[in-house]
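Everything on this sheet refers to the single structure shown next.
Here is the naming used below: chain letters follow the sequence lines, and residue numbers restart at 1 for every chain. The figures that follow rest on heavy atoms only: side chains count, while hydrogens, waters and symmetry mates do not.
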Amino acid sequence: MNYWLFKSEPDAFSIDDLKAMKGKKDHWDGIRNYQARNLMRDDMKKGDLGFFYHSSCKVPGIVGIVEVVREAYPDFTALDPESKYYDPKASEENPRWVMVDVKFKKKLKKVLSLEYLRTVDELSEMLLLRKGSRLSIQPVMESQWLTILELSAE
DNA sequence: GCCAACGTTGGC
DNA sequence: GCCAACGTTGGC
């Protein structure tokens with residue numbers, strides 16, 4: 001069982017958009033970074049849980065929890081010339097990019113903002129909080145996961 | 001909108 | 001395989 005953090009720009013896709021799908025699975029497409037791809041392809045398992053993080057917005061932070069319901073498979077948006085995620089180097093034989101399916105688990109009662117998370121001692125090692133950290137799929141340590149769950153319950 | 005920090009591309 | 005140039009991310 002692994003824990004993750006999924007970044008999304010709420011203007012493009014927010015926790016409310018996922019919630020509105022009422023538990024229906026959604027594919028997490030558009031990941032175009034090798035490190036993030038490899039994490040999804042190699043380490044992300046069905047049943048894993050992840051934080052839903054809002055980036056590039058007024059109050060960046062953790063806003064909810066999702067569950068991985070399908071392991072990595074080819075990201076078909078890479079093959080679609082109409083898609084903004086189209087990659088001419090991807091093909092049926094060599095899809096290059098993968099995606100997973102997730103479903104909505106819960107929305108936190110309050111946003112755990114990036115600003116706030118930075119003040120929590122137990123999270124000082126968290127990848128998200130490192131300078132220059134841009135990875136859109138991040139592994140989260142179990143201790144960090146539990147700490148954040150506790151903070152979200154307060 | 002700025003810009004630091006990364007990641008990727010492509011010429012050599 | 002190096003590295004300059006370019007593109008992107010994402011906080012502020």
Return the nearest nucleotide to the side chain of A:Tyr34; candidates are B:dT8, C:dG11, B:dT9.
-> B:dT8

Proximal nucleotide (of B:dT9, C:dT9, C:dG11) relative to the A:Arg134 side chain | C:dT9

Atom NZ of A:Lys24 with >12 non-hydrogen neighbours under 6.0 angstrom | no

B:dA5 phosphate, OP1 or OP2: any side-chain N/O from A:Lys131 under 4.0 angstrom?
-> yes

With sugar-phosphate meaning primed atoms plus P, OP1 and OP2, does A:Glu9 contact a base, only sugar-phosphate, or nothing at under 4.0 Å between heavy atoms?
-> nothing

Does C:dC12 have OP1 or OP2 sitting under 4.0 Å from an N or O in the side chain of A:Lys58?
-> no

Which pairs, with at least one residue in residues 37-66 of chain A and sequence neighbours excluded, count as a side-chain hydrogen bond (donor to acceptor under 3.5 Å, both in side chains)?
-> A:Trp4-A:Asp48, A:Asn38-A:Arg41

Name the closest nucleotide to the A:Gln35 side chain, picking from C:dG11, B:dG7, B:dG10.
-> B:dG7

How long is the span from the CZ atom in A:Phe51 to the CH2 atom in A:Trp145, to the nearest 0.5 Å?
-> 4.0 Å

OP1, OP2 of C:dG11 versus side-chain N and O of A:Tyr53: anything below 4.0 Å?
-> yes

What nucleotide, of B:dG7, B:dG10, C:dG11, holds the atom closest to the side chain of A:Asn33?
-> B:dG7

A:Asp87/A:Arg32 salt bridge by N-O under 4.0 Å criterion = no

Which listed nucleotide (C:dC12, B:dG10, B:dG7) is nearest to the side chain of A:Arg118?
-> C:dC12

